[in-house]
Number of protein chains: 2
Amino acid sequence: MGFKKRRVKLEDIARKLNVSIATVSRALDENPRVKPSTREKVFNTAKSMGYMPNQIAKSLSSGKTNIIGVLIPRYDEPFFIEVCRGIDQYARNHNYKILISSSRNSYQFEKENLISFERGLVDGIILSPTHETENVAHLNDLINKGMPMVLFDNIREQVSGADHVIIDDKRASFKAVEFLIKKGKKKIAFIGGIKEKKVFQDRYKGFIAALTKYNIPIHKELILHCNSLHREFEDKEILDFFRHLSITPDAVFACTDNYGLLTMKTLLKTGKKIPEEVAVIGFGDLGLGEVFVPTLTCVSQPSFEMGQKAAELLINQLNEPDEMDHKKTIVRLETRLTEREST
Amino acid sequence: MGFKKRRVKLEDIARKLNVSIATVSRALDENPRVKPSTREKVFNTAKSMGYMPNQIAKSLSSGKTNIIGVLIPRYDEPFFIEVCRGIDQYARNHNYKILISSSRNSYQFEKENLISFERGLVDGIILSPTHETENVAHLNDLINKGMPMVLFDNIREQVSGADHVIIDDKRASFKAVEFLIKKGKKKIAFIGGIKEKKVFQDRYKGFIAALTKYNIPIHKELILHCNSLHREFEDKEILDFFRHLSITPDAVFACTDNYGLLTMKTLLKTGKKIPEEVAVIGFGDLGLGEVFVPTLTCVSQPSFEMGQKAAELLINQLNEPDEMDHKKTIVRLETRLTEREST
DNA sequence: AAAAAAAATACAAACGTTTGTATTATTGTT
DNA sequence: AACAATAATACAAACGTTTGTATTTTTTTT
């Protein structure tokens with residue numbers, strides 16, 4: 001006690017048993033080339049000496065770290081955490097660990113993080129590009145260097161060497177808005193997110209498509225594209241929006257759960273009745289909507305499954321014998337509308 | 001294109017410039033032992049060849065990975081995510097990355113995760129033990145093997161070699177309950193969490209202490225220790241609790257934000273007015289409380305700062321020349337009561 | 001211009017594994 | 001009992017760095 005013990009290594013076991021390091025290594029691997037009785041001895045000695053393999057040395061030797069790098073735009077978004085949980089679960093079941101980084105919604109940080117991944121710490125990368133990511137050269141470069149990659153959420157179709165996991169945002173929002181229309185709603189407001197994100201563009205398209213199909217006039221005034229990248233500001237932005245409206249909407253389609261909740265909160269404050277006077281639909285369905293009063297109707301997005309699927313695709317790539325004949329696959333997961341009290 | 005490029009290594013640069021590997025290594029390190037003009041050449045060649053250092057080889061050679069292992073009981077708890085953000089921020093500023101794992105509230109998984117950390121992948125560990133963690137031998141063992149460790153949240157005082165980061169839970173809840181008492185509340189309900197967690201024990205103690213100090217009778221019936229480990233069940237547990245009450249509380253002190261929200265939701269459903277008839281206080285203050293109507297008064301816990309502090313303590317340990325004369329430090333962070341509409 | 005001092009670089013071992021090939025020990029065959 | 005075939009093990013290189021020591025080159029001193 002009191003001294004830091006030097007780590008036990010293969011050599012120590014080998015010396016004690018008067019065998020070679022190679023034999024010890026193979027014994028612990030249960031390689032049939034070593035005699036059962038020797039393996040036995042090695043196992044016992046390893047245990048009694050408290051041997052713990054050195055992962056770094058293994059990685060250097062094998063060229064694999066069994067770590068998946070995950071890069072998300074922000075931590076404080078339950079959607080991303082949920083995706084990470086999905087990745088983590090699938091990865092662990094396949095003997096991989098995950099290393100999560102946040103690009104903090106910045107293209108610059110995204111590049112820096114990828115560079116750090118490129119230093120050989122990870123075997124592959126799962127990534128949701130930031131909204132700022134216009135130029136995807138850094139992604140294509142990395143892929144060309146042989147780094148397996150899977151994109152999800154805010155994908156970039158120009159990245160041709162990576163698999164993609166997405167939902168059909170346009171269709172999902174079309175369905176949601178159609179649902180409102182069928183409830184007799186005619187003045188439907190749209191609360192979207194940053195215009196640069198593909199998911200928000202698509203949700204907007206779905207919204208417009210639904211109104212168009214049912215010949216409902218589109219009021220520019222009822223459309224908001226939130227620009228806030230942080231929770232504190234979203235609040236204010238939405239409050240301002242509703243405060244300055246001259247038309248009163250009878251429904252709101254919000255592109256995230258949080259926007260939906262903030263919308264309900266604002267409406268409740270101004271004395272509106274939900275859903276009688278105004279119906280509200282959110283997007284995501286990550287638990288928050290169930291807590292609020294009234295509970296929030298949501299487009300349920302399979303976040304956890306997106307993570308699992310992304311991990312599955314990546315690990316498949318890692319197991320491909322020749323990474324060069326990888327064929328890009330795009331997985332589109334199903335959403336469904338979860339009706340609650342707000343509609 | 002089309003072929004996976006072999007990674008450029010020091011040797012390739014050395015060969016091209018007709019110098020030794022050692023010189024290249026030192027040049028890139030800006031070691032003064034190499035002539036400025038040589039360093040220049042090395043830098044340029046490295047850049048033009050697209051050299052990217054191999055982190056694994058570095059780690060093997062240096063014995064440091066610059067990775068901090070973080071083990072939390074669950075992902076779907078904003079508190080832990082927030083702590084991780086804090087750790088991440090401090091760590092990145094000091095050139096460390098973090099590897100997050102979840103013990104999924106299981107002692108067994110906690111041990112397994114620590115074993116995987118022990119394989120040399122991380123330089124140190126930041127950990128919130130699970131509620132099941134009674135026996136802390138695995139922690140002390142790891143520390144004795146020389147693994148720096150910091151505990152936070154659900155700490156175990158028996159772990160003598162690790163630094164601790166906590167808040168004064170007892171005092172915080174005492175203050176919160178005292179606040180309710182001073183508002184004239186006399187029938188205060190307590191919604192706690194799993195009894196095994198030290199934080200919940202302490203919050204309970206604070207609750208009792210406040211009632212005792214002000215001579216308020218303690219109604220066993222108004223006390224609930226939630227046992228649920230997953231969101232879906234908490235909901236039901238709290239609903240049941242309030243449904244079967246024979247005394248009507250005039251205030252509720254809830255040990256988490258989520259309990260507070262669920263409480264408000266339940267009360268609102270049964271037609272209670274908040275805060276007029278029942279006041280509610282939550283614990284944590286991680287954003288949810290601000291969204292709800294009415295907004296939730298909370299004990300604000302400095303989660304992000306806890307993470308930063310934990311990272312700071314760990315990195316200090318890592319920089320100690322002799323880890324054996326490490327003196328255990330306990331950091332107790334301040335909380336404050338954030339008044340909102342629910343009181 | 002030779003010797004000494006200083007600067008720049010090269011050599012080689014080390015970090016702890018894995019793995020292909022060579023060697024030795026054991027078994028089976030006649 | 002000698003030999004071949006097989007089983008078991010040992011040797012050594014490789015993974016890509018870092019770093020202490022040795023060597024070479026350059027500069028300074030006289």
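Sequence lines set the chain letters: A, B, ... in the order given, protein chains first and strands last, and positions in each chain run from 1.
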I need the [atom1]-[atom2] distance between [X] and [N], as an integer number of Å.
X       : N      : atom1 : atom2 : value
A/Ile56 : D/dG16 : CD1   : P     : 15 Å
A/Arg15 : D/dA10 : CZ    : C1'   : 15 Å
A/Leu17 : D/dT9  : CG    : C1'   : 13 Å
A/Arg33 : C/dT21 : CZ    : P     : 10 Å

Ring of A/Tyr75, cation from B/Arg85 - is the NZ or CZ under 6.0 Å from the centre and inside 45° of the axis? no
Contact residues, residues 34-50 of chain B to DNA chain D [heavy atom, < 4.0 Å]: none
Where each residue is assigned the nucleotide of DNA chain D containing its nearest heavy atom, which of B/Ala22 and A/Arg26 is assigned the position nearer the 5′ end? A/Arg26
Between the opening five pairs and the closing five pairs of the helix from C/dA1-D/dT30 to C/dT30-D/dA1, how far apart are the helix axes, to 10°? 50°
Between B/Ser20 and C/dA10, is there a contact of a side-chain N or O with OP1 or OP2 at under 4.0 Å?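 Indeed, a polar side-chain atom of B/Ser20 lies that close.
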On the nucleotide D/dT18, are OP1 or OP2 found under 4.0 Å from the side-chain N or O atoms that B/Ser62 carries?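 Result: no.
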Taking atom types as modelled, is there a side-chain donor on [X] or [Y] under 3.5 Å from an acceptor on the other?
X        : Y        : answer
B/Asp163 : B/Thr329 : yes
B/Asn105 : B/Thr130 : no
A/Asn140 : A/Arg156 : no

Of the listed nucleotides (C/dT19, D/dT18, C/dA22), which one gets closest to any side-chain atom of B/Lys58? D/dT18
Consider the side chain of A/Thr23, meaning its heavy atoms from C-beta on, and name the nucleotide among C/dA10, D/dA10, D/dG16 that approaches it most closely.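 Closest nucleotide among those given: D/dA10.
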On a heavy-atom basis, which atom in A/Ser102 and which in A/Pro73 lie closest, and how many Å separate them?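 Smallest interatomic distance, heavy atoms only, reads OG-O, 3.4 Å.
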How are the rings of B/Phe152 and B/Phe79 set to each other: parallel, tilted or perpendicular (split at 30° and 60°)? tilted
